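See structure below.
Every heavy atom of this structure was used, including side-chain atoms; hydrogens, water molecules and symmetry mates were not. Throughout, a chain's letter reflects where its sequence line sits, starting with A, and its residues are numbered from 1. Just so you know, these numbers come straight off a predicted model, no measurement behind them.
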There are 2 protein chains.
Amino acid sequence: MFHNDKSSPSSKQEERLSLLLWFRLSRFYNQSLRRSNFHLKKWGLTVAQFDVLVQIGTHQPLTQKELAAKLFVTKGNMTQVLGRMEELGWIKREQEWKTKVLSLTNLGKEMYEDVVPHQEQFQASQFQGLTKEEQKQLLDLLRKLQHQNNNAEELE
Amino acid sequence: MFHNDKSSPSSKQEERLSLLLWFRLSRFYNQSLRRSNFHLKKWGLTVAQFDVLVQIGTHQPLTQKELAAKLFVTKGNMTQVLGRMEELGWIKREQEWKTKVLSLTNLGKEMYEDVVPHQEQFQASQFQGLTKEEQKQLLDLLRKLQHQNNNAEELE
DNA sequence: TTTTATCAGTTTAGGTATAAACTGATAAGG
DNA sequence: CCTTATCAGTTTATACCTAAACTGATAAAA
């Protein structure tokens with residue numbers, strides 16, 4: 001983790017700005033998460049489960065490691081969430097070589113078809129405070145942040 | 001929760017965009033949270049505890065309800081986090097009328113003075129993929145989102 | 001004064017997340 | 001062939017967070 005020593009005419013201010021950014025981000029994230037969870041309750045889903053459903057649904061087949069990497073969470077976390085979803089009959093895990101291959105069951109597919117459009121619509125309502133242009137800007141900024149941060153990070 | 005019915009020439013796309021935004025946001029948030037937790041471990045703090053420390057440190061005195069509102073979390077959550085921090089001797093809770101007034105202990109103040117500058121610097125490094133201008137843009141977009149969403153929401 | 005509302009904070013049950021230690025199977029080197 | 005790495009996934013302990021039910025005290029209404 002480097003830091004840029006030639007910057008700093010007013011680097012104190014930049015630090016304050018970053019702290020503020022973090023606060024704003026986590027407040028908004030918390031709020032969104034809570035509302036999404038509430039919305040998804042109609043289908044008996046949580047946000048974590050919805051995320052998994054979408055990833056498997058669109059990238060099937062997928063191993064647990066790949067899934068964890070896509071969602072930026074630990075593999076230990078995946079074990080837990082997938083365990084619950086398997087019990088509920090939404091996904092299958094099949095041992096193959098040394099990995100487990102994930103796929104949706106029929107029930108999971110139905111769930112996917114049904115819930116994704118509703119959740120898309122709901123998410124749209126969460127971001128309607130921004131114009132389409134602003135939404136694209138936001139996406140762009142987040143993409144840049146991700147790129148910066150992906151150098152030399154491996155999640156264990 | 002309204003939605004804007006007169007929009008939609010290409011509202012399908014906007015919905016896709018929103019889902020993408022959500023994914024990006026939560027990936028970045030997860031990653032940041034994990035790194036911040038790792039960084040704060042040097043002081044034996046978690047991010048949740050750091051947030052509380054900052055809020056009490058800068059807005060002292062404060063009730064639990066006010067704190068929960070500032071952090072956009074539930075009061076039940078506050079009870080837990082504050083309980084742990086009280087045990088560790090960083091904060092005090094004093095019953096007053098029907099509320100509990102929060103303040104930092106001496107130990108808590110020392111912690112605050114020591115950790116805040118380091119964490120500011122660390123957060124700056126997390127956002128260094130963006131120019132100062134872009135960081136302000138991001139802050140601005142997050143502010144707009146917050147405003148939209150604050151209409152008619154009370155957290156219980 | 002007694003009853004009823006209200007309201008801050010607590011408790012409980014359950015899902016989510018991490019880090020760190022562990023398991024068991026494949027693969028690589030001796 | 002046997003030993004040692006490696007690597008996907010699991011387990012365990014701990015913290016976070018929520019929703020929902022509960023407690024106990026103040027305040028308002030009867």
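Take A/W22 and apply the ring-ring contact (aromatic ring centres under 6.0 Å, His included) test, not counting sequence neighbours, and it matches B/Y29. Taking the salt bridge (charged side-chain N to carboxylate O under 4.0 Å, His left out) definition, one finds that A/E134 meets it with B/K144, sequence neighbours left out. Here B/R93 pairs with B/E86 under the salt bridge (charged side-chain N to carboxylate O under 4.0 Å, His left out) rule; sequence neighbours left out.
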Tabulated below should be each protein N or O lying under 3.5 Å from an N or O of nucleotides 11-13 of chain D; please produce it.
none

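Taking atom NZ of B/K41 as the reference point, atom P of C/dT18 lies 12 Å away to the nearest angstrom. Look at CZ on A/R93: it is 16 Å from P on D/dA8, rounded to the nearest Å. Rounded to whole Å, atom P of C/dC7 lies 15 Å from atom CD of B/E66. A/E94 has its CD atom 16 Å from the C1' atom of D/dA8, to the nearest Å. If you take CG of A/N30 and P of D/dA19, they are 11 Å apart, rounded to a whole angstrom. What separates CD of A/Q64 from P of C/dA25 is a distance of 16 Å, to the nearest Å. At whole-Å resolution of the value, CG in B/N37 and P in D/dA15 are 12 Å apart. The interatomic distance linking A/R35 (CZ) with D/dT18 (P) rounds to 13 Å, in whole Å.
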Quick one, B/L53 with B/M85, criterion side-chain contact (heavy atoms from CB on, under 4.5 Å). Give me CA distance, side-chain angles, the key distance, then yes/no.
CA-CA 9 Å; B/L53 205 66; B/M85 292 180 78; 4.1 Å; yes

Enumerate, atom names and distances included, each donor-acceptor pair closer than 3.5 Å involving a side-chain atom of residues 37-51 of chain A, sequence neighbours excluded.
residue: A/N37; atom: OD1; partner: A/V47; partner atom: N; Å: 3.0
residue: A/N37; atom: ND2; partner: A/L33; partner atom: O; Å: 3.4
residue: A/H39; atom: ND1; partner: A/Q119; partner atom: OE1; Å: 2.8
residue: A/W43; atom: NE1; partner: A/D114; partner atom: OD2; Å: 2.9
residue: A/T46; atom: OG1; partner: A/Q49; partner atom: N; Å: 3.2
residue: A/Q49; atom: OE1; partner: A/T46; partner atom: N; Å: 3.2

Could you list the donor-acceptor pairs under 3.5 angstrom formed by side chains in residues 54-62 of chain A, with sequence neighbours left out?
residue: A/Q55; atom: OE1; partner: A/H59; partner atom: ND1; Å: 3.2
residue: A/T58; atom: OG1; partner: A/V54; partner atom: O; Å: 2.9
residue: A/H59; atom: ND1; partner: A/Q55; partner atom: O; Å: 3.3

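Here the rule is side chain to side chain contact (heavy atoms under 4.5 Å, CB included) with A/R143, and of A/L145, A/L141, A/L139 only A/L139 fits it.
Taking 4.0 angstrom as the limit, B/R34 places none of its side-chain polar atoms (N or O) nearer than this to OP1 or OP2 of C/dA19. The phosphate of C/dT18 (OP1 or OP2) has a side-chain N or O of A/T74 nearer than 4.0 angstrom. Between A/K100 and D/dA8 there is no side-chain polar atom (N or O) within less than 4.0 angstrom of OP1 or OP2.
Of all nucleotides present, none satisfies the Watson-Crick or G-U wobble test against C/dA5 with each distance under 3.5 Å. Applying the Watson-Crick and G-U wobble criteria (two distances, each under 3.5 Å), C/dA19 pairs with D/dT12.
Between B/M78 and A/T63, the residue whose closest nucleotide on DNA chain D is further toward the 5' end is A/T63.
Under the 4.5 Å side-chain heavy-atom criterion for Ile, Leu, Val, Met, Phe, Trp and Tyr, B/V116 and B/L67 are members of the same hydrophobic cluster. In this structure, A/L82 is not a member of the same hydrophobic cluster as A/V101, with clusters built from ILVMFWY side-chain heavy atoms closer than 4.5 Å.
Aromatic pair A/F127/A/F28: ring centres closer than 6.0 Å.
Glycosidic conformation, C/dA5: syn, with the torsion inside 90° of 0.
Within residues 42-52 of chain B, the residues approached by DNA chain D to less than 4.0 Å at the level of any non-hydrogen atom are B/T46, B/A48, B/Q49, in residue-number order.
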